[in-house]
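As structure tokens, the structure follows; a few thoughts come after it.
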Number of protein chains: 2
Amino acid sequence: MDKRITIYDLAKTLGVSAGTVSRSLNDHPSISQKTKDRVISKANELGYKTNKFAVNLSTQKSNTIGVIVPKLNSIFMSTVLAGIEKIANEAGYNLIISQSLESMEKEKLNAKTLYDSGVDALLVSLAYDTTDFDHFANYIRNKIPLIFIDRVHNLPNCSTIIIDNKLAGYEATEHLINQGCKNLLYISGDLRRNVYSERLKGFQEAIAKHDLIFDNSNILESDLSPGSVKHAIAHIKDTSIPFDGLFVANDTFAAHCIKELKKVNIKIPQDIKVIGFNNDPISELVTPTLTTINYPGYELGVLAGQSVISHLNGDINLQPTNAITLRHRLIIRESTLK
Amino acid sequence: MDKRITIYDLAKTLGVSAGTVSRSLNDHPSISQKTKDRVISKANELGYKTNKFAVNLSTQKSNTIGVIVPKLNSIFMSTVLAGIEKIANEAGYNLIISQSLESMEKEKLNAKTLYDSGVDALLVSLAYDTTDFDHFANYIRNKIPLIFIDRVHNLPNCSTIIIDNKLAGYEATEHLINQGCKNLLYISGDLRRNVYSERLKGFQEAIAKHDLIFDNSNILESDLSPGSVKHAIAHIKDTSIPFDGLFVANDTFAAHCIKELKKVNIKIPQDIKVIGFNNDPISELVTPTLTTINYPGYELGVLAGQSVISHLNGDINLQPTNAITLRHRLIIRESTLK
DNA sequence: ATTTATTACGCAACCGATTGCGTTATTATG
DNA sequence: CATAATAACGCAATCGGTTGCGTAATAAAT
């Protein structure tokens with residue numbers, strides 16, 4: 001109870017060498033079954049626990065996967081993490097999770113800390129303002145698997161897991177147009193991030209295809225914080241040609257917008273139709289229920305987890321699966337009804 | 001670039017011993033400032049990085065805090081985690097997060113894994129069905145700080161961080177009564193968990209105080225999953241004396257109930273008044289907006305983080321702060337209007 | 001029975017720090 | 001100037017495993 005027993009204790013009581021104990025415990029082929037059995041049963045008898053610190057030092061691996069996300073407290077991100085955790089846990093890996101709080105500086109710090117902690121792999125969803133990527137150089141140089149999820153960046157030898165944001169943006173926009181909208185507003189997150197810029201491309205493409213009007217007033221870049229809702233509302237009201245369709249970067253912000261619009265007597269969907277993004281639980285609980293794009297966060301996490309594990313196992317399907325694209329899906333609800 | 005340099009490399013190039021290098025790097029008093037400066041500048045010059053694995057083995061500490069939560073993908077829990085992470089990160093600790101998925105078996109596994117990984121402390125929010133607590137014995141025996149948050153259990157030498165659930169339950173119930181409700185239903189989570197059983201006590205106390213009717217039909221125990229909404233609705237409709245007030249264990253489930261009740265033409269709050277719990281973002285986005293109890297998840301996380309850190313630092317205020325109770329607050333919105 | 005292959009295990013270096021204790025260089029004290 | 005205190009640093013054990021290589025023991029081959 002007081003003293004941890006080590007392989008040396010086992011070796012001594014069994015009259016074998018520490019190396020033999022170690023190999024027995026790891027089921028090494030060069031040890032006879034008889035000896036293995038003796039070692040293992042004695043280990044159980046004495047309550048032997050392997051000391052991870054020693055293993056880590058010896059093998060230079062930590063059995064740990066690092067994760068950097070912008071924020072933990074978003075339903076989408078925590079759902080992704082739930083998926084990652086499940087896979088990692090099943091594979092015997094621990095997850096060290098840190099948040100950048102949408103700041104590149106903190107992202108850098110976290111990347112460094114996790115690197116120093118010796119994570120075996122790193123999963124990243126980028127902060128809003130991340131513009132350079134030197135903080136990932138160490139990982140690439142030392143061949144530590146680096147995988148970007150959702151908010152990604154193309155770096156050599158790094159996998160990415162995303163959905164087709166451009167197509168999703170296109171489909172969302174076209175849906176609004178099909179429902180009769182003529183003057184659309186895309187309320188976007190930070191356009192430096194792929195997810196928002198790609199959706200913008202789809203937005204513009206759909207508008208062009210259907211010969212609608214378009215200028216800069218059709219785009220509103222926002223930090224999507226609750227405090228920014230009023231700016232969005234102001235933008236919507238302060239326009240020469242009234243908007244009749246809103247494509248909002250996420251469901252929560254869309255729900256806030258709907259609430260405020262209703263307050264100023266704008267009817268959803270009669271006056272303005274609204275489509276969100278993510279299919280957060282909230283989207284089917286608001287009134288009117290929110291049309292949205294289903295973004296399978298849990299599956300995303302599971303895939304990210306599996307991808308990391310297979311990298312770590314050295315499975316050779318790395319090159320072909322360098323970029324995984326998940327299927328999204330338009331979910332039509334009341335907020336875009338004709 | 002290729003080879004990590006160690007304190008031995010530094011020692012050799014500087015002509016000192018490895019011990020001196022180590023002490024210099026750790027600002028040990030028995031080393032002269034001149035030598036420290038030499039060591040440090042040379043370390044920077046050569047790009048020395050301390051090997052955490054070796055430090056861990058040597059010190060038998062991991063600079064890591066373990067966390068077990070029932071589910072990552074709930075807005076409340078992820079908010080708590082965000083608070084914990086912020087404090088831990090600032091204090092230089094990494095967070096290993098795992099989820100029990102509401103299963104005691106997985107909780108046991110996670111507790112064991114984290115113990116074997118050598119976490120310096122453990123934060124736990126219990127699974128629904130956790131009934132025995134042997135899996136925490138190792139922590140207590142080895143004096144590894146163990147702190148329960150939200151869903152807690154009283155174990156010797158363990159801190160707990162909660163709100164006064166009984167009082168919160170009382171206040172929620174009394175609010176319904178004050179708004180004119182006569183026949184209340186408490187839709188609860190698993191009553192083995194303190195949060196739900198305590199709220200039940202408050203619920204019963206308020207009912208007794210105001211001389212309302214009460215029997216077992218006034219309580220409905222549920223797993224609070226979306227699939228269980230229909231059971232709740234069935235229970236509400238299948239009653240001799242119609243319920244006119246609902247106290248629901250969390251906002252999301254409350255929102256689902258409201259949605260379904262509206263579908264069957266029951267008006268909220270006219271026919272039935274509803275109060276939720278947690279003050280999730282969703283509570284102010286549904287129609288009608290949801291009266292609820294504010295449960296400061298982020299602050300809870302921050303306090304939990306600070307508590308752990310102070311334990312680890314050996315700050316002596318452990319006994320007095322053995323149980324921290326946060327302030328909750330009733331937030332009155334439309335769903336309980338007269 | 002002798003040689004050759006295998007099998008099973010021991011030896012000891014190594015991973016990269018930390019730290020108690022002893023020793024030398026330096027400064028203070030009488 | 002001799003001696004006691006300090007200050008500054010080196011030595012070497014220690015943390016608890018892993019692993020390449022060598023060797024003894026056993027089995028197979030001739």
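Note on naming: letters A, B, ... go to the chains in the order of the sequence lines (proteins, then strands), and numbering restarts at 1 for each one.
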Check: End-to-end bend of the helix from C/dT6-D/dA25 to C/dG30-D/dC1 (five-pair axes, 10° rounding)?
Finding: 40°
Starting at [atom1] of [X] and ending at [atom2] of [N], how long is that distance when rounded to a whole Å?
X	N	atom1	atom2	value
B/Ile7	D/dT14	CD1	P	17 Å
B/Asn56	C/dC15	CG	C1'	13 Å
B/Gln33	D/dA7	CD	P	15 Å
A/Asn63	D/dT18	CG	P	12 Å

Next item on the list: Determine whether the aromatic ring centres of B/Phe148 and B/Phe133 lie less than 6.0 Å apart.
Entry: no
Margin query: With rounding to the nearest 0.5 angstrom, report the CD1 to CG distance, B/Ile97 to A/Leu81.
Written below: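 B/Ile97 atom CD1 to A/Leu81 atom CG measures 7.5 Å (nearest 0.5 Å).
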Note to self: Any base atoms under 4.0 Å from B/Phe53, or only sugar-phosphate, or nothing? Heavy atoms, all strands.
What the structure shows: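 If one applies the 4.0 Å heavy-atom cut-off, B/Phe53 turns out to touch nothing in the nucleic acid.
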Notebook entry, point to check: For A/Gly15, which contact category applies under a 4.0 Å heavy-atom criterion: base, sugar-phosphate, or nothing?
Noted result: sugar-phosphate
Next item on the list: Report yes if some heavy atom in the side chain of A/Tyr48 is under 4.5 Å from a heavy atom in the side chain of A/Lys42; otherwise report no.
Entry: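 Side-chain contact under 4.5 Å: no.
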Next item on the list: Examine D/dA7: is either OP1 or OP2 under 4.0 Å from a nitrogen or oxygen in the side chain of B/Ser30? Give yes or no.
Entry: no
Check: Hey, which of these two, B/Gln60 or B/Ser32, hits DNA chain D nearer its 5' end, going by closest nucleotide?
Finding: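 It is B/Ser32 whose nearest nucleotide is closer to the 5' end.
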Next item on the list: Take B/Arg23 and B/Ser58, find for each the nucleotide of DNA chain D with the closest heavy atom, and name the residue whose nucleotide sits nearer the 5' end.
Entry: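 Mapping each residue to its closest nucleotide by heavy atoms, the 5'-most match is B/Arg23.
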Margin query: Looking at B/Lys71, I'd like to know if its NZ atom is crowded, meaning that more than 12 non-hydrogen atoms belonging to other residues, nucleotides or ligands lie closer than 6.0 Å.
Written below: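 Counting other residues, nucleotides and ligands, NZ of B/Lys71 stays at 12 neighbours or fewer.
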Item checked: Salt-bridge contact B/Arg192-B/Asp129 (side-chain N to carboxylate O under 4.0 Å) ->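 No, B/Arg192 and B/Asp129 are not salt-bridged.
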Checklist line | A/Arg193 and A/Glu102 ion-paired at < 4.0 Å | finding: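 So A/Arg193 does not pair with A/Glu102 through a salt bridge.
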